[in-house]
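Have a look at the structure below before the remarks.
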Protein chains: 2
Amino acid sequence: MTEPDHDPGPGLAPEQVATYFALTEAAGALQHHVEQHLRAEIGLSAIQFRILATLAEAGGRLTMTELADGVVYSRSGLTYQAGLLEKAGLVTRCPSPDDERSTLLALTDEGLARVEQAMPGHVAVVKRLLFDPLSEADLAALGDIMARARDHMRAQPPRSAAPRKRRPASEPE
Amino acid sequence: MTEPDHDPGPGLAPEQVATYFALTEAAGALQHHVEQHLRAEIGLSAIQFRILATLAEAGGRLTMTELADGVVYSRSGLTYQAGLLEKAGLVTRCPSPDDERSTLLALTDEGLARVEQAMPGHVAVVKRLLFDPLSEADLAALGDIMARARDHMRAQPPRSAAPRKRRPASEPE
DNA sequence: AGAATTTGCTTCGAATTCGAAGCATGATCT
DNA sequence: AGATCATGCTTCGAATTCGAAGCAAATTCT
């Protein structure tokens with residue numbers, strides 16, 4: 001499971017493949033465990049927790065597009081989850097005062113309370129699974145690397161295959 | 001996006017939260033881009049490619065459980081995907097000579113060819129998105145860290161989530 | 001040996017996800 | 001101003017996913 005035997009072709013380092021697979025599998029396993037924990041503890045799916053946490057970080061209110069952009073999610077999926085969360089009383093949907101067509105998702109007090117209730121145990125699980133075998137230096141390096149990778153991916157222009165996409169300039173107005 | 005304003009509680013470093021979020025978001029974005037590329041290039045979903053690649057790494061044959069264990073996937077989902085892949089002629093299902101109840105998934109020549117066809121472009125996308133902003137030292141550090149994290153997660157026993165795994169609970173439901 | 005427990009996989013039903021199409025609002029052009 | 005295009009969200013249908021239940025083979029216990 002450590003060294004692939006196929007021929008990846010010229011100029012491609014198998015070390016990168018191994019790193020990528022390790023990253024993907026670890027991230028998948030981590031997500032799985034986190035999902036289990038969140039659902040068992042406070043009855044939220046990982047994506048729901050992520051939505052609420054992103055809202056909390058942003059100060060409580062975001063438009064659907066900003067939110068979907070932040071959680072790397074499809075618009076329709078976000079609509080579905082927003083409906084669930086609204087029905088659960090954790091968020092409210094207000095029309096934006098600026099753009100009538102935009103919908104602002106706002107965190108309710110209960111929603112914020114839920115996030116704060118979930119956060120310690122959530123982080124504890126992540127700590128145990130991800131950060132336990134890592135040193136301080138590892139943590140710093142990983143944080144630095146992943147932040148850089150994330151920013152790089154955010155800066156990636158949308159693929160040309162998309163029929164209707166946002167403007168190439170990802171600059172907020 | 002750097003420092004959440006909520007109170008995570010005592011003993012929990014916000015740096016870890018930031019690292020975890022960066023990791024999750026980057027992994028999610030990477031997975032999304034990879035999914036797009038794989039589907040557009042060779043008509044495989046990410047999970048299908050992962051199954052085929054895992055099979056190739058293992059020498060061509062694995063049981064369903066070993067495979068599901070390797071790709072962190074549900075058994076039923078793997079059954080579904082195995083059906084699709086078998087119908088596509090990329091794998092075959094043979095009963096195990098050792099255990100009659102076990103099903104061995106075997107990679108066909110076409111399946112192996114598909115993996116090898118997909119691998120270069122796949123790695124190129126990963127390279128561009130993930131490894132482009134990283135130095136050699138970053139790559140080595142990331143590979144080391146993620147491999148350690150993955151092994152640690154693999155070693156994690158299922159908490160109490162397992163319904164009826166090994167121990168016959170004296171409390172029937 | 002025979003019965004009970006365990007293990008491995010598949011089927012089933014419900015929930016979730018996504019892209020495309022549809023609808024409404026804002027911006028731009030003439 | 002009116003028309004046209006662009007943007008934001010939602011609905012819709014199909015595909016995928018998961019856990020629980022079900023079934024067959026193997027191991028263990030008596």
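These numbers come from a predicted model, not from an experiment. A note on names: the letters A, B, ... follow the listed sequences, proteins ahead of strands, and every chain is numbered from 1.
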Atom-to-atom span, [atom1] of [X] to [atom2] of [N] - whole angstrom:
| X | N | atom1 | atom2 | answer |
| --- | --- | --- | --- | --- |
| B:Arg75 | C:dG8 | CZ | P | 8 Å |
| B:Ile47 | C:dC18 | CD1 | C1' | 17 Å |
| B:Met64 | D:dC18 | CE | P | 13 Å |
| B:Leu104 | C:dT10 | CG | P | 11 Å |
| A:Leu44 | C:dT16 | CG | C1' | 15 Å |
| A:Gln81 | D:dC9 | CD | P | 16 Å |
| A:Ile51 | D:dC9 | CD1 | P | 13 Å |
| B:Asp69 | C:dT7 | CG | C1' | 14 Å |

Please tell me if the side chains of A:Arg50 and A:Tyr73 come closer than 4.5 Å, counting only heavy atoms from C-beta onward.
no
Close side-chain approach of B:Leu90 and B:Leu44, heavy atoms under 4.5 Å
yes
Do the ring centers of B:Tyr20 and A:His122 come within less than 6.0 Å of each other?
yes
As a quick check of understanding, evaluate side-chain contact (heavy atoms from CB on, under 4.5 Å) for B:Met146 and A:Thr19, giving each step before the final call.
CA-CA 7 Å; B:Met146 295 318 295; A:Thr19 298; 5.5 Å; no
Considering only side-chain heavy atoms of [X], which listed nucleotide, [options], is closest?
| X | options | value |
| --- | --- | --- |
| A:Tyr73 | D:dT10, C:dT17, C:dG8 | C:dT17 |
| B:Gln36 | C:dT7, D:dT16, C:dG19 | C:dG19 |
| A:Thr79 | D:dT11, C:dC18, C:dC9 | D:dT11 |
| A:Arg101 | C:dT7, D:dA6, D:dT17 | D:dA6 |
| A:Tyr80 | C:dG19, C:dG26, C:dT17 | C:dT17 |

Would you state whether a donor and an acceptor, one from the side chain of A:Thr65 and one from the base of D:dG8, lie under 3.5 Å apart?
no
Look at all strands and tell whether [X] reaches a base, only sugar-phosphate, or nothing, counting heavy atoms closer than 4.0 Å.
| X | result |
| --- | --- |
| A:Arg39 | nothing |
| A:Ser96 | nothing |
| A:Leu78 | nothing |
| A:Ser76 | base |

Scan B:Val91, B:Leu78, B:Thr103 and name whichever one has a side chain to side chain contact (heavy atoms under 4.5 Å, CB included) with B:Leu67.
B:Leu78
Return the 5'-most residue of the pair A:Thr103, A:His32 with respect to DNA chain D, ranking by each residue's nearest nucleotide.
A:Thr103
Let me know, please, whether A:Asp98 or A:Ser45 comes out on the 5' side of the other along DNA chain C by nearest nucleotide.
A:Ser45
When B:Arg93 and A:Gln48 are each assigned the nearest nucleotide of DNA chain C, the 5'-most assignment goes to B:Arg93
Step through the shown structure and confirm whether more than 12 heavy atoms of other residues, nucleotides or ligands are within 6.0 Å of CZ on B:Arg61.
no
